[in-house]
Structures are given as structure tokens and as C-alpha cells.
Amino acid sequence: MKISIITLLLTIKTISSFTVNTPNSPNTPKTCQSRTTSWQANLSQRQISPYSNPSKRPSTILPSTVAPIESKVSSSQPLRVTIAGAGVGGLALANCLKDHAHVSCRVVEKTSAFRRFGGPIQLASNALQVLKEMDSSVYSQVQEKFTNTGDKENGIKDGIRDEWYAKFDLATPAEARSMPYTGVIDRPDLQEIFLQSLPQGTVTNGAGVKTYEDVEGGGLKVHLDDGTDHECDVLIGADGIWSAVRASMRDEPLKGEGSGVSYSGYTVFAGELAYASPDNGSVGYKVYIGPKQYFVITDIGNGNYQWYAFLARPPRSMETEERPDGNVPYLKDIFEGWSKDVHAILDVTKETEIEQRDLYDRPPSVVKPWTDGKAALIGDAVHAMMPNLGQGGCQAIEDAWVLKEEILKIKDRGEISGALGRYRDRRLIRSAAVQGLSRFASDIIIKGFDTPFKYNGGKFENFNYAGVVTKMMQPILPVFFSIQFNFLYEGYRNDVAVDLKAGLGLLTVGSLILLLGAGGIGEGGVLAGMGLEGILGGEGFEALFANLQDFF
């Protein structure tokens with residue numbers, strides 16, 4: 001009975017994951033002409049009256065403080081779009097909108113100045129193709145700083161025996177579609193490329209969005225955390241997993257209980273360093289699997305590597321676990337007996353090159369809103385993901401592309417709510433599928449994988465349930481990876497109603513993997529892994545069947 005319930009839930013999840021609605025066929029007008037010239041630039045700030053109670057959105061409509069604006073959108077009275085957050089999604093959207101005279105775009109960023117912070121970010125073929133179509137100049141600059149991994153060997157290795165367990169073919173799905181190879185770029189480099197491509201004055205530092213509310217005349221009043229405010233026609237919350245725009249939209253806490261953000265059950269240690277890897281140039285990344293944990297080593301270019309150690313731990317374990325000798329000895333002890341490659345890179349890692357963070361994600365929700373009249377959420381603000389597929393930034397870029405398409409259709413300010421609703425309809429199911437696959441990858445690797453069973457020299461090695469199941473999954477995973485990457489690369493435009501081929505493939509192979517691993521994972525883990533909490537419930541099924549009824 002347990003297995004039949006799991007199969008039913010997976011079937012519902014997979015079908016819904018490939019059901020997408022087919023899309024329907026600030027300030028002053030574009031005053032910014034020159035490009036941003038300084039990475040450390042601190043741009044202008046405004047000083048207007050503060051909002052006294054930012055924790056709750058008022059139910060009344062405030063009177064407008066500016067002259068009435070025409071309902072019709074034009075180059076003389078452009079659509080005023082405010083983007084909260086200058087991360088990947090926010091800057092991608094600003095770049096999408098920058099060359100359209102009937103849209104005036106403004107980005108407000110909480111940090112007082114940009115600085116080089118953050119490690120490499122993976123851009124998969126789907127996101128790179130969006131950048132290529134969005135702005136050829138931005139794409140060319142990205143490629144200059146880019147390290148391809150999709151054209152190299154990538155896959156899973158037995159962490160104990162140091163043997164290849166299964167390989168990912170990232171190249172073939174990209175080549176079949178004439179798409180760029182997956183790879184990595186330093187996050188600060190990507191951010192700087194975006195910033196340099198925007199007109200000067202587009203981005204304002206030192207003021208993040210605190211809350212917003214409707215005003216008389218149909219606009220929004222946006223209250224910033226520096227005590228200033230301004231009016232706009234459209235507000236986009238691109239302010240990350242702890243989004244203030246989302247909290248204001250949903251009238252929920254920014255963090256903690258009730259915020260909708262959930263701890264994944266995993267903490268990750270990450271190191272970045274120069275490293276003379278013996279397989280440099282031939283291997284992109286390797287995932288070493290073993291009981292209850294895994295270790296990732298990836299080439300990030302120019303002789304530099306990044307590694308990750310994923311461990312199942314309670315939240316804030318960095319505060320409760322003692323490590324008197326430091327993180328390197330702690331990890332070497334945890335991975336004792338594992339591949340020499342794991343220990344070789346740990347041995348040359350300095351303590352100052354390691355950071356630890358707990359992993360949180362946010363399943364996309366049908367019940368809770370993505371949009372609220374003239375406000376919408378993108379990226380981590382609405383569908384923060386586990387890092388296993390490297391799709392967090394990629395899905396934010398897809399959000400930006402779809403949102404741009406819908407915003408540019410707006411000819412009258414009365415059409416704003418409908419346009420944002422279409423954006424949500426196009427993105428909800430695909431982002432839910434990717435988020436679920438990202439969480440599923442963590443759960444299946446940590447809770448389902450073990451050292452695979454092997455008959456070696458007349459001896460049975462790791463001949464137990466987990467070992468046998470891991471061995472049985474070995475020939476299945478490459479097929480699943482192929483279907484998965486084809487799905488990711490095929491649907492980047494978000495304009496296919498139902499991808500039956502990918503959906504049925506993932507249903508068939510995914511069900512087999514799930515059934516094999518069910519005994520080791522348990523129903524709670526499966527539910528969390530597949531992200532079902534984001535679509536279950538009356539509204540979720542109603543949305544699913546509403547999407548399906550036009551197809552059958």
C-alpha cells in the first residue's frame with residue numbers, strides 16, 4: 001500500500017510538472033543613456049517620508065502623491081517597473097527591458113555597494129540560450145569569462161571505490177538543439193556584466209524594498225528600508241529567498257515559522273581554491289556517493305576548483321558541533337575511507353577557503369500567490385531550489401525572459417494584472433518540476449544511495465539492501481539523466497502546453513527509481529523530495545485539471 005500511494009503521488013507530480021498554459025498570442029521616460037562605469041558605484045538615493053508600520057500592508061488605498069498618469073502606455077508615459085534586488089533574476093530582467101522606450105526600469109538594491117562576493121554559479125544550456133537570445137553582447141561577455149563543463153566527462157562516482165557509477169551526458173542534448181554547453185562563471189563576473197550593460201542610473205544601492213501598497217490612480221507605493229518611498233506601475237520581487245516583497249504580498253513573516261521557507265535537512269561545506277587536479281581538462285564535475293553523504297568536485301576554470309560536502313544534519317549544526325581542530329580535519333574524519341581524490345583536495349584546502357551554510361528551499365505554490373495585482377515574484381523569492389541541478393539561477397533567468405515577454409504586451413495599465421497572471425501560469429509548473437527534481441536529487445543520493453553491491457574476486461562486497469538497490473539503479477540513472485536534461489533544455493521558452501514525451505519518460509523511469517529507493521527513503525522523504533507540498537490541495541488539483549482539460 002505504501003508503494004502504491006507513492007506511485008500515485010509521483011504520477012500526479014510528474015504529469016503536472018509538464019503541464020503549462022500556452023501563453024496568449026519610474027520616474028521619467030528613459031532618462032538613462034550612458035553605461036554604469038564603476039563596479040563599486042554607489043548610486044543616488046531618495047529621501048521621502050518613511051512608512052510607519054512596514055510589517056503589514058494596509059487595506060486602504062493611499063492617495064497618490066504625484067500627478068495622475070495616463071492609463072495608456074507610451075514612450076512619453078512609460079510603464080514604470082521597479083525591481084527589488086540586483087541578483088541574477090533582477091539584473092536579467094532589467095537587461096531584458098532596457099531597450100524598450102515604453103518601459104522605464106529601475107532596480108533597487110539593499111546593499112550599499114557591490115563587491116566581489118560569492119563563488120561560481122552554473123549556467124546550464126537552457127539559461128545560456130536565453131542570454132544568447134536576450135542580448136548578444138551580454139552573452140559574448142559571459143562566454144569570455146566562462147568555463148565549459150558540459151563538453152567534458154561528468155557524473156557520479158563510487159565514493160569508496162573511486163569507480164564511475166554513472167555519467168551525465170550534458171553535451172548531446174545541447175548539441176541536438178544547437179545550444180551552448182553548460183558551464184560555470186564567477187557570480188561577481190556575471191553580476192558585473194549585467195551591471196555594465198545597463199544604462200547609468202538604472203540601479204540604486206543602499207535601499208531595499210520593505211513593503212508596498214496600492215495607491216489611488218492604480219499604481220503602487222513602494223516603501224524602502226532607508227525611509228524613502230516612490231510610486232511605480234509594476235513591482236517585481238527579485239529579492240531572494242528571504243524576500244520582503246513576498247512577505248508583504250502574502251502578509252507573512254520574512255523568516256521563520258509561517259514564512260514558507262523550509263530547511264532541507266542538509267548542510268553543505270564549500271571550498272574554492274587553486275588545485276592541480278589530475279583530470280583537469282577532461283572532467284567537469286564528479287559527485288562521489290556513499291552512505292548518508294556525498295562530495296562534489298567541479299572544475300571552475302583557470303586551474304581553480306570548487307568542492308562541496310553535503311551532509312544530513314539538523315539546522316545550525318555549525319553552532320552545535322565541536323570542531324576543535326578545524327573544518328578540514330572534521331571533514332577528513334567524516335569521509336575516512338573515501339576516494340583519495342576527496343582527501344587530496346581537502347589536504348590542500350586552507351581553513352580560510354571553507355564556508356558552511358544550511359540549505360533552504362521553497363516549493364512553488366499554487367495556494368499562495370506569485371502575483372498580487374501589479375506585483376510579482378521571480379527567482380528565489382518564489383521557488384528557491386536545492387543546488388543539485390545547478391538550476392537556481394537558470395530558472396530565475398527563465399522567469400525574467402517570460403516576464404519580459406508578458407510585460408512588453410502591456411499597452412494599457414489596466415492590463416498589468418492579466419500580464420503578470422500569464423507569467424505565473426507559464427512558469428508555475430515547469431519551475432515546480434525543476435524544484436522537485438532538485439530536492440529529489442538530494443534525497444535519493446543521501447537517503448537512497450549507498451556503496452553499490454559488487455561481486456569481487458569471489459567475495460560479496462556491501463551485500464545488503466541499500467547496496468543491492470544502489471547497484472540496481474546504476475543502469476537506470478543514465479537514462480533518467482538523459483530524459484531530465486532533454487526536458488530542461490527543450491522547455492526554456494516556457495510556451496509548450498504539455499511535453500508528453502518528456503513527461504512520460506520521467507514518469508516511467510522516475511517511478512522505477514522511486515520504487516527501488518522507497519524502502520530507504522520513506523514516504524515523508526519522497527513527499528519532500530518531489531516537492532508535492534507545493535501543488536497538493538484543492539487549488540493544486542483544480543489548476544492541474546484546468547490545464548489538462550484543453551489537451552484531452
Side-chain angles (χ1 to χ4, degrees), residues 9-10 13-14 16-18 88-89 120-127 149 154-156 166 168 170 173 182 184 240-241 260-268 270 285 287 289 293-294 296 298 308 310-312 357-365 378-399 427-449 477 480-492 494 502-503 506 509-510 513-514 517 521 524-535:
L9 291 176
L10 179 62
K13 169 65 180 177
T14 307
S16 66
S17 296
F18 308 99
V88 172
I121 178 173
Q122 176 174 292
L123 294 181
S125 298
N126 53 307
T149 56
N154 300 282
I156 298 176
F168 310 143
L170 300 178
T182 290
V184 295
I241 190 169
V261 177
S262 60
Y263 177 57
S264 66
Y266 310 116
T267 192
V268 61
Y285 67 88
V287 181
I289 61 167
Q293 58 202 37
Y294 61 107
V296 181
T298 182
Y308 302 94
F310 289 84
L311 310 175
R357 66 183 185 276
D358 288 343
L359 296 177
Y360 292 81
D361 61 1
R362 163 178 289 280
S365 177
I378 69 172
D380 284 355
V382 69
H383 50 59
M385 301 180 183
M386 293 286 286
N388 302 89
L389 298 186
Q391 279 287 323
C394 300
Q395 291 302 301
I397 290 172
E398 286 194 20
D399 284 343
R427 289 291 298 139
L428 173 62
I429 303 302
R430 176 169 165 87
S431 63
V434 178
Q435 198 276 348
L437 286 169
S438 298
R439 175 67 82 95
F440 178 67
S442 292
D443 284 343
I444 202 72
I445 290 175
I446 285 187
K447 297 180 180 179
F449 280 7
L477 284 180
F480 183 72
F481 293 147
S482 176
I483 296 170
Q484 173 182 275
F485 291 123
N486 275 285
F487 156 67
L488 289 172
Y489 298 169
E490 183 67 27
Y492 75 96
N494 292 269
L506 282 172
V509 183
I513 292 173
L514 191 60
I521 296 175
V526 169
L527 286 171
M530 295 308 292
L532 289 173
E533 65 270 32
I535 64 167

Atom pair [atom1]/[atom2] of [X] and [Y] - distance to nearest 0.5 Å:
X    : Y    : atom1 : atom2 : answer
Y266 : Y360 : OH    : OH    : 14.5 Å
Q391 : M385 : CD    : CE    : 7.0 Å
L359 : L311 : CG    : CG    : 10.0 Å

### Task
List for me each residue that meets side chain to side chain contact (heavy atoms under 4.5 Å, CB included) alongside T149, sequence neighbours excluded, and say none if there are none.
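Expected list: N154, T182.
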### Task
Report yes or no: is the cationic atom of R430 (NZ for Lys, CZ for Arg) closer than 6.0 Å to the six-membered ring centre of F487, at no more than 45° off its axis?
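Yes, a cation-pi geometry holds between R430 and F487.
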### Contact check, side chains of L437 and L488, non-hydrogen atoms, under 4.5 Å
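Not touching, per the 4.5 Å side-chain cut-off.
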### Task
Report yes if some heavy atom in the side chain of L389 is under 4.5 Å from a heavy atom in the side chain of Q484; otherwise report no.
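When only atoms from C-beta onward are counted, Q484 and L389 do touch, with a gap below 4.5 Å.
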#### Entry: Qualifying salt bridge (charged side-chain N to carboxylate O under 4.0 Å, His left out) pairs, either residue in residues 380-394, two or more places apart
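Salt bridge (charged side-chain N to carboxylate O under 4.0 Å, His left out) check on residues 380-394 returns no pairs.
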Looking only at heavy atoms, which two atoms of [X] and [Y] are closest? And how far apart?
X    : Y    : value
Q122 : V184 : CA-CG1, 4.1 Å
M386 : S264 : SD-CB, 3.4 Å
A166 : L477 : CB-CB, 4.4 Å
N126 : C394 : ND2-CB, 3.9 Å
G491 : E398 : O-OE1, 4.3 Å
V88  : G393 : CG1-O, 4.0 Å

### Task
Please name all residues satisfying ring pair (Phe, Tyr, Trp, His ring centres under 6.0 Å) with Y294, sequence neighbours left out, ordered by chain then number.
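Scan of Y294 (ring pair (Phe, Tyr, Trp, His ring centres under 6.0 Å), adjacent residues dropped) gives F310.
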### Query
With sequence neighbours left out, what residues match Y285 under ring pair (Phe, Tyr, Trp, His ring centres under 6.0 Å)?
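F168.
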### Task
Mind running side-chain contact (heavy atoms from CB on, under 4.5 Å) on D399 and H383 for me, showing each step along the way?
CA-CA 10 Å; D399 284 343; H383 50 59; 2.6 Å; yes
### Set of residues satisfying side chain to side chain donor-acceptor pair (under 3.5 Å) with respect to Y308, sequence neighbours excluded
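Q306.
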### With sequence neighbours excluded, residues passing side chain to side chain donor-acceptor pair (under 3.5 Å) with T267
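For T267, the residues satisfying side chain to side chain donor-acceptor pair (under 3.5 Å) (neighbours in sequence not counted) are Q356, D358.
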